[in-house]
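Reckoned from all heavy atoms, side chains included, excluding hydrogens, waters and symmetry mates.
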Amino acid sequence: MASRFNPLKADAAWQKVWEENRTFAARDDSPKPKSYVLEMFPYPSGRIHMGHVRNYTMGDVLARYRRMTGHEVLHPMGWDAFGMPAENAAMEKGVHPGGWTRENIATMRAQLKRLGFALDWSRELATCEPEYYGHEQALFLDFLEAGLVYRKKATVNWDPVDMTVLANEQVIDGKGWRSGAEVEKRQLDQWFLKITDFADDLLEGLKSLEHWPDKVKLMQENWIGKSQGLQFRFALSDGGSVEVFTTRPDTIFGSSFVAIAADHPIAKQLAENSEEVAAFVAKCKAGGTSAAEIETQEKLGYDTGITATHPFDTTWKLPVYIANFVLMDYGVGAVFGVPAHDQRDLDFARKYNLPVRRVVSEGDKEAPEFEGDEAYTGPGTLVNSHFLNGMDVADAKREVISRAEADGWGQGTTVWRLRDWGVSRQRYWGTPIPIIRCDKCGSVPVPRDQLPVKLPEDVSFDIPGNPLVRHPTWKHVDCPSCGGNAERETDTLDTFADSSWYFIRFASQPDDKPFDKEVAEQWLPVGQYIGGVEHAILHLLYARFFTRALQQIGKLDVAEPFAGLFTQGMVTHETYYRDRGEGVSRLWFNPEELNFESDKVTAKADGAPVTVGRVEKMSKSKKNTVDPTEIVDQYGADAVRWFMLSDSPPERDLEWSENGIEGAWRFVNRLWRLFDGLQDAQGEDKDLDRKLHRTIAGVAEDIDALSFNKAVAKLYELVNAIEKAKPSASRAAAIRTLPRIVAPMVPHLAEEVWAGMGQDGLIADAAWPDVDPALLVEDEVTVAVQVNGKLRDTLLLPKGAPRESVEAAALASDKIVRILDGKAPKKVIVVPDRLVNIVA
RNA sequence: GCGGACGUGGCGGAACCGGUAGACGCUGGAGACUUAAAAUCUUUUGCCCGUAAGGGCGUGCGGGUUCGAGUCCCGCCGUCCGCACCA
């Protein structure tokens, strides 16, 4: 062996061996227990970034470790290849989205291979290929047949310049993010998936996900937003009625007004006959929707002059307002206001001088007069509420609901925050929705033998809008039902649909259908899913919905797609900038443009100082990215992998640093020298034996828990111990065992050493070393001796020594004798094998 | 506003069920090897007093429980994240 590890040679050599042997191909028919390890597949944006490297390294360590512990591992990789950036590139650079995407995939695939991940590349897929999206179209038709898809008019953000629909995030201050044009609200026919049918299942299912972070479960729970309450009717003075929804029916005797949304049908009708109302409605709609604006927005109301009759007292009339704080798309778009016990209602009531009546006691406050500007929403006893008086809030809710149901003016209902999933996108680069629209027959599904509906390749992006709409021939087809002239649906599916079932396709990919039920069920659910927390809600919720929908229609008997979820932290880096004055964006610097002196940082270009900014997520705009490929070429894949696992706990952010990668590189070389200097010797080194076995067990535990930073620390300790140990048979054995313990993390070096030691086969196929349980037990322990809880001495005693002898040894210690100074201790607490605490 | 997470040396972090705080890495100091540098090795590195032996103080702040608290309880302060006029 050469004395210095040559990563460039070793990386390439072993990557070739793995590829030629198809080492990491997962066998469906394997008798071994199956383990599915998956990292969220990347969007092919151009080049991989450090965040990808960290994500895939974590998954890779787990996948390789599982292989070593006797599992048949499925660890696939693919491309979330549809989406807007490709169309943006097409518009900016005049390239074709498909060409741009496929080139990026080729680049990124090569970059990933360069890192030596144990991936089953034979299952690679890209969602932009008909071989994938054609099956997605079939699933869409399955859902359609099952009644899980419907079409309705919905409001969208329309950019009149780009002639396209914008997501909410793409609307900035009411203007399109690209065009800068004033965004219009448009009503368009859109396809929806009935995710709300599964709202309760998706909520209840969270309870079964023991290996998901609580944080993510909570975020999903809030997103689904279950509210139980009463929906009921007020009779109106104009002869009509209005439905309202409340979660606080108990406070019904505290109501002082009814408020409806500006786009409530009643408000719309009033607006038609009154310019004043129309003006007010317009004013409400003009308000911004951003968080900051909502926070500061004043409550506005318009008294319609109509009154509502209280359901429990026909002589009690409540004014009906149109109010800007009532949302049409939650509940029924109308509420009854109880100012004393709801902050918004209180703000509104104080502004318009409406009565504020206490109906829930607050401590000893029971009087109907409610003081102050802070609503009371806590628990209490019902007061000033006729037959409800004396009940607690929960009982009062039940009582009101049961009376409303008995009298027929309302009923207990559940309202969800979750809305149906609008999947129509007026874009080219997505899965075409397999529907044909016929004037006579309406929406007709594309016959299955005509799938996939392929995207036309001959499109241009020199004019704004969806090229599918203006393509000369693509959309013109005969109606499959009546044979007359018809048009294809030109909308494509939301790309979240593509990522909602890719993990199933990885498990099973027949040509003639989306997946084979039995084969997919062998692998699913995914045992460990790893990705960024930014997907905590949408992607994970949609994937859970798809899986349940497939279960409902009998295609796949799996309820939850991801048994284990781990959300890893970002890779961050220091930033460098110069302020350019008020209202002008900062000028950011790449570290390569700078000189780092001991006390300041200056720009190479002009020698003037530059401010060192916060440590932030690597991003192109802040110029704090580090290209993984350059680093891999410099240090080799193993050093980069090792650094990605070191120091920071995986769920937290990892700060990229030159010193960090240097440290990792040093360690790789220390390992190499250790193996290189292997000498057989005689003699036993019991301490080292124990250290080795404790490390094998500890690292296994840490990898299972994804605590890679702890595994790394344990390996450092072991290597330190081996380096310091004198030659012995134990030391030689430790060095021979070490490659297998580090193999999941630094696989290239491990293979190189394994071969160098003359071992048969690949270390990738080797078994995780056995642990000798006898060596996990110490025969001597260090016992702490405390006086009044303060450490005064330590004693080396045989493990399992009886209390009396431990206590005697502690009291006999010179230091303790001196501290006690002849006085008898009041009490002595002995924790076997741990400590003695003397209370003096 | 609602919900949640987290505060440990110069830095990233470890510390199992309440039992020796600071493992491991980085940085810094001192030294060895070398003509020199790099690499490598040895040693040291929480703070304060002390030549030393030794002692005191230390896990955001203030209390509490306990023989014993980074860990449990109560109250503050700070940072970060998610949702947001959700009735």
Residue A:I829, side-chain heavy atoms: nucleotide from B:C67, B:G3, B:A23 that is nearest: B:C67
Carboxylate-amine/guanidinium proximity below 4.0 Å for A:R419 and A:D329: yes
Side-chain touch A:I266/A:V242, heavy atoms, less than 4.5 angstrom: yes
Ion pair check, A:E780 and A:K799, cut-off under 4.0 Å: no
Selected nucleotide, minimal atom distance to A:Q786 side chain, candidates B:C86, B:G19, B:U27: B:G19
Atom-to-atom span, CG of A:N324 to C1' of B:A84 - whole angstrom: 15 Å
Closest to side chain of A:R834, choosing from B:G19, B:G56, B:C67: B:G19
Base-pairing assignment for B:G7 (Watson-Crick or G-U wobble, both under 3.5 Å): B:C77
Residue A:Y330, side-chain atoms from C-beta onward, closest of B:G13, B:G25, B:A87: B:A87
Pairwise C1' distance, B:A53 and B:G64 [rounded to whole Å]: 38 Å
Same-atom distance (C1') from B:G7 to B:G58, integer angstrom: 16 Å
Touch class at under 4.0 angstrom, heavy-atom based, for A:R818 against every strand present: nothing
Partners passing ring-ring contact (aromatic ring centres under 6.0 Å, His included) against A:Y352 (at least two apart in sequence or in another chain): A:Y321, A:F348
Minimum-distance nucleotide (side-chain atoms of A:R670 versus B:G13, B:C67, B:C41): B:C41
Anti versus syn assignment for B:G9, with syn defined as within 90° of 0: syn
Gap in Å between the two P atoms, one belonging to B:C17 and one to B:C73, rounded: 15 Å
Selected nucleotide, minimal atom distance to A:L835 side chain, candidates B:G4, B:G19, B:C67: B:G19
Nearest-Å distance once atom P is located in both B:A69 and B:C61: 15 Å
d(CE, A:M219; C1', B:A84) in whole Å: 13 Å
Nearest-Å distance once atom P is located in both B:G78 and B:G10: 23 Å
Protein-nucleotide distance (A:M570, atom CE; B:G82, atom P), rounded to Å: 9 Å
5' precedence on RNA chain B between A:G331 and A:E723 (nearest-nucleotide basis): A:E723
For B:C17, glycosidic torsion class - syn if within 90° of 0, otherwise anti: syn
Atom-pair distance (CZ on A:F336; C1' on B:C85), nearest Å: 17 Å
For B:C2, the Watson-Crick or wobble partner whose two distances fall under 3.5 Å: B:G82
Residue whose closest nucleotide on RNA chain B lies nearer the 5' end, A:S657 versus A:R652: A:R652
P atoms of B:A84 and B:G3, separation to the nearest Å: 16 Å
Below 4.0 Å: OP1/OP2 of B:C26 and any side-chain N or O of A:R666: yes
Nearest-neighbour nucleotide for the A:K710 side chain, B:U20, B:A14, B:C86 considered: B:A14
Cationic N near anionic O, under 4.0 Å, A:R803 to A:E807: no
A:I537, nearest nucleotide to its side chain (from B:C83, B:G55, B:C85): B:C83
Which donor-acceptor pairs under 3.5 Å do side chains of residues 225-232 of chain A form with protein atoms, sequence neighbours excluded?
| from | atom 1 | to | atom 2 | distance (Å) |
| --- | --- | --- | --- | --- |
| A:K226 | NZ | A:D200 | OD1 | 3.2 |
| A:S227 | OG | A:Y330 | OH | 3.1 |
| A:Q231 | NE2 | A:E243 | OE1 | 3.4 |

Donor-acceptor pair present, A:K714 side chain and B:C24 base, under 3.5 Å: no
Pair of N/O donor and acceptor under 3.5 Å linking B:C67 base with A:N837 side chain: yes
Rounded distance in Å between the P positions of B:A5 and B:C74: 13 Å
Residue matched to B:C24 through Watson-Crick or wobble contacts both under 3.5 angstrom: B:G12
Check: A:F336 ring centre within less than 6.0 Å of A:F257 ring centre: no
Of the listed nucleotides B:U27, B:G25, B:A84, the one nearest the side chain of A:N659: B:U27
Mate of B:A32 where both pairing distances stay under 3.5 Å, Watson-Crick or G-U: B:U40
